[in-house]
Peer 1: 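Handing you a structure now.
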Amino acid sequence: MTNLYIYCLFDIDDNFQGVYSSLKYVYRDALSLSNTGNYDVKMQTQDGWQEPSLKLLRNSLKGVVDIAIIMRGGKSGAKIIKTKLKE
């Protein structure tokens, strides 16, 4: 049995934006949703608010399922939820 993980992307108002199988592309789209103003984008992990990076996102999601990561940039933002496909 293969573990298939999916990443759901929502905007700051919890409007569904898409489903991804690639962490790289969900990170790209979440960053573009969050980076619409003149503010720095920050990512909320278990350790608090940090500068976003693909490596930090990957390490934050590693080994856990059904977790949400929030990215904020002023009034805009995005939420990434990692979940597992069940057979």
Side-chain angles (χ1 to χ4, degrees):
M1 184 176 349
T2 305
N3 289 330
L4 296 175
Y5 297 106
I6 60 170
Y7 307 96
C8 300
L9 180 63
F10 296 88
D11 67 5
I12 199 65
D13 297 322
D14 284 334
N15 295 319
F16 179 72
Q17 297 295 317
V19 158
Y20 300 82
S21 61
S22 170
L23 188 61
K24 179 179 177 180
Y25 295 117
V26 74
Y27 171 75
R28 177 198 65 191
D29 289 349
L31 197 59
S32 68
L33 277 174
S34 302
N35 193 17
T36 58
N38 294 328
Y39 300 97
D40 291 337
V41 176
K42 298 289 184 183
M43 184 166 62
Q44 184 181 22
T45 63
Q46 294 89 350
D47 299 328
W49 292 94
Q50 300 180 10
E51 291 291 324
S53 71
L54 183 58
K55 182 179 178 181
L56 177 64
L57 180 63
R58 183 188 70 233
N59 291 340
S60 298
L61 297 175
K62 192 173 194 175
V64 293
V65 180
D66 297 329
I67 185 173
I69 301 292
I70 298 172
M71 297 177 86
R72 293 293 306 251
K75 295 180 182 178
S76 59
K79 179 170 39 171
I80 301 170
I81 298 176
K82 177 185 176 184
T83 189
K84 182 171 143 179
L85 285 177
K86 298 173 177 63
E87 294 182 32

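All residue numbers in this chain count up from 1 along the given sequence.
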Peer 1: Should Leu85 and Tyr7 be counted in the same cluster of Ile, Leu, Val, Met, Phe, Trp and Tyr side chains packed under 4.5 Å apart?
Peer 2: no
Peer 1: Show the nearest heavy-atom pair for residues Lys24 and Leu54, with the distance to one decimal.
Peer 2: CA-CD1, 4.0 Å
Peer 1: List the residues meeting side-chain hydrogen bond (donor to acceptor under 3.5 Å, both in side chains) with Asp14, not counting sequence neighbours, and say none if there are none.
Peer 2: Lys79
Peer 1: Counting N and O atoms only, with roles assigned by atom type, does the side chain of Arg72 sit under 3.5 Å from a partner on the main chain of Gly74, one being a donor and the other an acceptor?
Peer 2: yes
Peer 1: Taking C-beta and beyond as the side chain, do Gln17 and Asp29 meet within less than 4.5 Å on heavy atoms?
Peer 2: no
Peer 1: Between Lys82 and Leu61 (side chain of the first, backbone of the second, donor and acceptor by atom type, cut-off under 3.5 Å), is there such a pair?
Peer 2: yes
Peer 1: Distance check, rounded to the nearest 0.5 Å: Leu4 atom CG versus Lys84 atom NZ?
Peer 2: 9.5 Å
Peer 1: If a pair satisfies ring pair (Phe, Tyr, Trp, His ring centres under 6.0 Å) and one of its residues is in residues 10-45, list it, with sequence neighbours excluded.
Peer 2: Phe10-Phe16
Peer 1: Can you see which heavy atom on Leu9 is nearest to which on Ala30, and at what distance?
Peer 2: CD1-CB, 3.7 Å
Peer 1: Do Val65 and Ile67 belong together in a cluster built from hydrophobic side chains that touch within less than 4.5 Å?
Peer 2: yes
Peer 1: Look up atom CG in Leu33 and atom CE in Met71, then write down how far apart they are to the nearest 0.5 Å.
Peer 2: 9.5 Å
Peer 1: Do Leu23 and Leu56 land in one hydrophobic cluster if side-chain heavy atoms of ILVMFWY residues count as linked below 4.5 Å?
Peer 2: yes
Peer 1: For Pro52 and Lys42, work out which heavy atoms get closest and say how close.
Peer 2: CD-CA, 4.2 Å
Peer 1: Got a donor-acceptor contact below 3.5 angstrom from the Ser34 side chain to the Leu31 backbone?
Peer 2: no
Peer 1: Output yes when a side-chain donor or acceptor of Asp11 lies under 3.5 Å from a complementary backbone atom of Asp13, and no otherwise.
Peer 2: yes
Peer 1: Would you indicate whether the side-chain heavy atoms of Thr45 and Gln50 approach each other to under 4.5 Å?
Peer 2: yes
Peer 1: Quick check for you: to the nearest 0.5 Å, what is the distance between Ser76 atom OG and Ile12 atom CD1?
Peer 2: 8.0 Å
Peer 1: If you apply the rule side-chain contact (heavy atoms from CB on, under 4.5 Å), what do you find for Ile80 with Leu57, and how did you get there?
Peer 2: CA-CA 10 Å; Ile80 301 170; Leu57 180 63; 4.0 Å; yes
Peer 1: Would you say Ile70 and Met43 make side-chain contact, with heavy atoms under 4.5 Å?
Peer 2: no
